[in-house]
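Read through the structure below, which is laid out as structure tokens, and then see the notes.
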Amino acid sequence: MPKIVEVFDTTLRDGEQTPGIAFTREQKRAIAMQLDRLGVDIIEAGFPISSTRDSEAVKLICDLGLSSQICGLARLLTKDIDACIDCGVDMVHIFAPTSVIQREHTTKMSEDEVKEQAYKMAQYVKANGCLCMFSAMDATRTDSDYLIDLYKTAEEGGADILNVPDTVGVTEPFAMYELVDKIYQAVKTPISIHCHNDFGLAVANSLAAVKAGATEVQVAVNGLGERAGNADLAETVMGLNAIYKLKTNIKTELLFETAKLIERFSGIQIPITRPIVGENAFAHESGIHAHGVIAKSDTFEPGIMTPEMVGHQRRIVLGTHTGRHSVEQKLSEIGVSPTNEQLEEILERVKELAASGKKVTDDDMFTMTEVVTGEVARHERAVTLKELSVMTGNNLIPTASLKAVVRGKECMSAQMGIGPVDAAIHAVQEIIRGEIGGDVKLKDFRIEAITGGSDALAEVIVGVEKGGRTVTARGVREDIVMASVEAFINAVNRLMQE
Ligand code: KIV
Ligand code: ZN
């Protein structure tokens, strides 16, 4: 196996081909910059010939002067390659369908015609001073002898890297190993792998290809891409790092924030059970698991991969399966040690609330504790909201003005945001910054309408974090902004309760 594996990211090309996704220019710029920070070796920025929108975005990304190399996609046509070169790319990714089914029903090119064009176009790319990647589209459904002959031809034409796409995601790890091994034995040029996830095997197939000699993986953030998507960047990289012990240039501690950025820009929510970056990837509820993890995290986590490694956080969640250790641990963080009977009573109440279908926040549990122990909050609420007004509209930058009493002192702040909720949360953060000695980060935000109709009650649950400690709390109002601010302030008050 190679010592270091290159990461080729196609979020902006195959990822943007996800039905329903269209990143704006500004989003593309921000994504490219984040991928560069993350340490991606090559960014496939788009398919310049396909539209002016695409070519302008690829040019914009080329002009950013990033450390990552920038690649553009092209069919085996000089006009496609010219469009990439005009954008200023470092690499042109030339491709053609090679399986019988795709050739007969799309390009109608014979095997020999594909070979001839692949040779000529690889030469053309090289003559124009760019790196050349050649892809045999639908490689896994192409006759393997012809495939090898074709890769050798592209190699003779000057291709710098040969890509093996499992275009419709139909292969499995053992077959993938065999195929890549066969290609590896036949060519001298480095091999890249591009897997689709139609059977949920894209990451496994990519790992198998690397085991057989591929030195580059093509991935997309959050597994975006055509149909069921491409191999997920975070899963592939962590599989290589943690399981195969291979290096990449990826700064893994930025994986979580990168996934969140793409979640926001794409509007496609990351499923809670998604490996590595999902909300539950390092969350524990059941008594046995939480107890084990509190004692030693490796008991019920992989150990070879920790939340810190990927920029995520471990969470002990309260619910119907909660055990006493979780409650004890959370209470000890605020210096409360109930008696055994009190602990049992708090645990019962937590389970009861969870069984009614409610998400139990830390704030809920602290309130139950106060009721059970008869000890009302030992401190006054540190922050009390006095007034809030927001301005928003299609011609305005959303702005929030907020007045609150923080530890007896009246404070005011006006802040802007992406939306009214964002602006209002910024205003609270600004007001408490000096008092709490640092930033309180909003880690999790969830909104639900409890009742129907436009006058529905909105329930907002937030998770906030400061100095490694996370607290969850809820706010319920008819006004979404008020519910959000209420939840945030409730969580802040718990964080400030020492
Ligand atoms: O899936 C595929 O075959 C592709 C090619 C353009 C490499 O995306
Ligand atoms: Zn693809």
Side-chain angles (χ1 to χ4, degrees), residues 6-19 21 42-51 54 58 70-77 80-81 83-84 89 91-103 105-107 109 114 117-118 121-122 125 131-144 146-147 150-151 154 159-171 175-176 179-180 183 189-203 205-206 209 214 216-233 235-236 266:
E6 278 192 347
V7 175
F8 176 108
D9 181 276
T10 186
T11 309
L12 290 170
R13 201 277 297 167
D14 213 321
E16 219 214 6
Q17 287 170 222
T18 307
I21 292 189
I42 302 141
I43 297 173
E44 190 168 39
F47 189 3
I49 196 75
S50 67
S51 66
D54 244 51
V58 175
I70 309 302
C71 174
L73 184 67
R75 291 165 298 179
L76 297 183
L77 298 171
D80 283 35
I81 297 169
C84 290
V89 299
M91 175 186 279
V92 182
H93 176 186
I94 52 172
F95 77 103
T98 55
S99 63
V100 174
I101 184 159
Q102 287 203 352
R103 279 187 299 104
H105 296 277
T106 62
T107 54
M109 281 165 88
V114 174
Q117 273 303 97
M121 293 303 109
V125 173
L131 289 165
C132 175
M133 166 180 284
F134 171 71
S135 272
M137 187 152 83
D138 212 10
T140 53
R141 291 194 301 179
T142 301
D143 173 75
S144 64
Y146 168 65
L147 189 66
L150 176 60
Y151 280 134
D160 299 286
I161 186 151
L162 304 172
N163 182 39
V164 184
D166 184 21
T167 305
V168 288
V170 283
T171 201
M176 178 57 96
L179 176 66
V180 174
I183 300 167
T189 308
I191 298 171
S192 178
I193 187 72
H194 176 107
C195 294
H196 278 270
N197 205 28
D198 298 67
F199 286 90
L201 291 171
V203 173
N205 288 334
S206 303
E216 181 181 282
V217 287
Q218 301 206 351
V219 291
V221 180
N222 297 346
L224 296 183
E226 293 276 3
R227 305 178 315 282
N230 287 91
D232 175 63
L233 184 148
E235 293 168 28
T236 310
S266 65

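Residue numbers start at 1 and run along the sequence shown. Just follow the structure's listing: the first ligand is 1, and inside any ligand the first atom is 1. All values below come from the heavy atoms of this structure, side chains included, with hydrogens, waters and symmetry mates left out.
Panel note: side chain Asn205, backbone Ala209; no donor-acceptor pair is recorded below 3.5 Å. The closest donor-acceptor contact from the side chain of Thr11 to the backbone of Ala220 lies at 3.5 Å or more, if one exists at all. Checking side-chain atoms of Asp232 against main-chain N and O of Thr236 turns up no donor-acceptor pair under 3.5 Å.
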*Check against side-chain contact (heavy atoms from CB on, under 4.5 Å), Val219 and Ser206*: CA-CA 9 Å; Val219 291; Ser206 303; 5.8 Å; no

*With side-chain contact (heavy atoms from CB on, under 4.5 Å) as the test, would you mind laying out the steps for Thr189 and Tyr151 before giving the verdict?*
CA-CA 9 Å; Thr189 308; Tyr151 280 134; over 6 Å; no

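Contact check for Asp14 versus His196: side-chain heavy atoms found under the 4.5 Å cut-off.
Only protein atoms were considered; those of element N, O or S under 2.8 Å from the Zn ion (ligand 2) number 3.
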Dump all N/O pairs between ligand 1 and the protein below 3.5 Å as a table: atom names plus distance, one pair per row.
unit_1, atom_1, unit_2, atom_2, d
ligand 1, 1 (O), His194, NE2, 3.1
ligand 1, 1 (O), His196, NE2, 3.0
ligand 1, 3 (O), Thr167, OG1, 2.6
ligand 1, 8 (O), Arg13, NH1, 3.4
ligand 1, 8 (O), Arg13, NH2, 3.0
ligand 1, 8 (O), Asp14, OD2, 3.0
ligand 1, 8 (O), His194, NE2, 3.1

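No side-chain donor-acceptor contact under 3.5 Å links Thr140 and Thr171. No hydrogens or angles considered: nothing links the side chains of Thr10 and Gln218 as a donor-acceptor pair under 3.5 Å. Donor-acceptor pairing under 3.5 Å is lacking for the side chains of Thr167 and Asp138.
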